[in-house]
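Presented below is the structure to which this report refers.
In what follows, chains are A, B, ... by sequence order, proteins preceding strands, each numbered from 1. Note that these values count all heavy atoms, side chains included, but never hydrogens, waters or copies made by symmetry.
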2 protein chains.
Amino acid sequence: MRLSSKTMYALRALFDITFHSHGKATKIDAIAARENVPPRFLEQIFQDLKAAQIVGSKRGPNGGYFLLRSPETITIGQVVRAMEGGVEHTCCFGSDAEVREKCKISSKCVTSSVWRDISLQLNAIMDAVTLSELALRGETLRLTRDSDAGLTYTI
Amino acid sequence: MRLSSKTMYALRALFDITFHSHGKATKIDAIAARENVPPRFLEQIFQDLKAAQIVGSKRGPNGGYFLLRSPETITIGQVVRAMEGGVEHTCCFGSDAEVREKCKISSKCVTSSVWRDISLQLNAIMDAVTLSELALRGETLRLTRDSDAGLTYTI
DNA sequence: TCTATTCTTGACCTTTCCAGTCAAGATTAG
DNA sequence: CTAATCTTGACTGGAAAGGTCAAGAATAGA
């Protein structure tokens, strides 16, 4: 029921891109430094984000990653689903055929029908929050922008 | 983001008690057989449910487990929190002091503030569904009651 | 009181996955 | 050409998930 740190890192990294570099490609090391994320791990994370069509990349000097769509159209839900492989419930109604097979009481499984409803609602909640909303919150929290030395809190 | 099978089993077991045995103590083996859950594992699960004051127990012949409160007052949220140890987010705002310490960007962590909002909403959703609601769905799905040979679907 | 039944406690085990590292290669700007 | 940057994929240690098991304590009913 908790978010993996992978997802948390992904959210932070995307927030970072949105907040610090408008449209420009940003390199992993810069993001990793600002957001305090293991760089090697972040590489892996960005591969997933790229596969999910959330970010694009550019190699070579002055390369990096950038958002493929505008921040208003990228939701928390999209990111979470990309990282966690969907908000799945374990039982009968799941997309995994093997799991469905294993559950002997299949369609009779009341709990999984309830859980499906719940996860639908959860997805709706997560899709109601966009990256630009995150950036807005960043403003409210008075984050300083474009500091390479890491985020610093200004009173 | 997925429910552990432990939680799923707990939900199924509680549904089973609510649905099949009104007020009476029910033994683990009967529940395990009907719900197709490993009996030994179910023992462990009921210990947790007992610690969470959701069920009570009675030893000896004709003993078993029973709900401590009425089904209308027991919510999915309570069960999930009991089994998963709370819907925690990993970062700064969490209850774990050590985790909070480790997160260098503490209060500036926009994502965790967002995630806190989301998990509050999720808890609300889960607390809106009660055990008696589960039982109701059981009726709707036309489950047969009190069959020791396992649940059977009747058309 | 004896006994069968049922929960209780806690140790133990196996497998999977999370979180993270690393190396070698492909691309491209300058 | 070369330095910067992403790409691919293999690898690993530790923790957590998912169970199993045995010995003991309590209790209903004979």
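Grouping Ile, Leu, Val, Met, Phe, Trp and Tyr by side-chain contacts under 4.5 Å, direct or through others, leaves Leu120(A) on its own.
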Exercise for the section: Using a 4.0 Å cut-off on protein heavy atoms (strictly under), produce a 5'-to-3' string for nucleotides 24-30 of chain C with B for base contact, S for backbone-only sugar-phosphate contact, and - for none. Expected result: -BBBBBS

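Qualifying salt bridge (Lys or Arg N to Asp or Glu O under 4.0 Å) partners for Asp127(A), counting only residues two or more places apart in sequence or in other chains: Arg81(A). Every residue meeting the side-chain hydrogen bond (donor to acceptor under 3.5 Å, both in side chains) condition with Asp117(A), not counting sequence neighbours, appears here in chain and number order: Arg137(B). In this structure Thr73(B) satisfies the side-chain hydrogen bond (donor to acceptor under 3.5 Å, both in side chains) test with no other residue, sequence neighbours excluded.
Note on residues 44-57 of chain A: pairs passing salt bridge (Lys or Arg N to Asp or Glu O under 4.0 Å), not counting sequence neighbours, are Lys6(A)-Asp48(A). Within the structure, ring-ring contact (aromatic ring centres under 6.0 Å, His included) contacts touching residues 117-140 of chain A (residues at least two apart or in different chains) do not occur. Among pairs with a residue in residues 37-46 of chain B, none fulfils side chain to side chain donor-acceptor pair (under 3.5 Å), at least two apart in sequence or across chains. Applying the ring-ring contact (aromatic ring centres under 6.0 Å, His included) definition to pairs two or more places apart or across chains, those involving residues 28-53 of chain B are Tyr9(B)-Phe41(B), Phe46(B)-Tyr65(B). Among residue pairs with one or both ends in residues 51-80 of chain A, none qualify as salt bridge (Lys or Arg N to Asp or Glu O under 4.0 Å); sequence neighbours excluded.
Against DNA chain C, the stretch residues 49-56 of chain B makes heavy-atom approaches under 4.0 Å through Lys50(B).
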Identify all pairs in which a protein N or O lies below 3.5 Å from an N or O of nucleotides 14-17 of chain C, and state each distance.
none

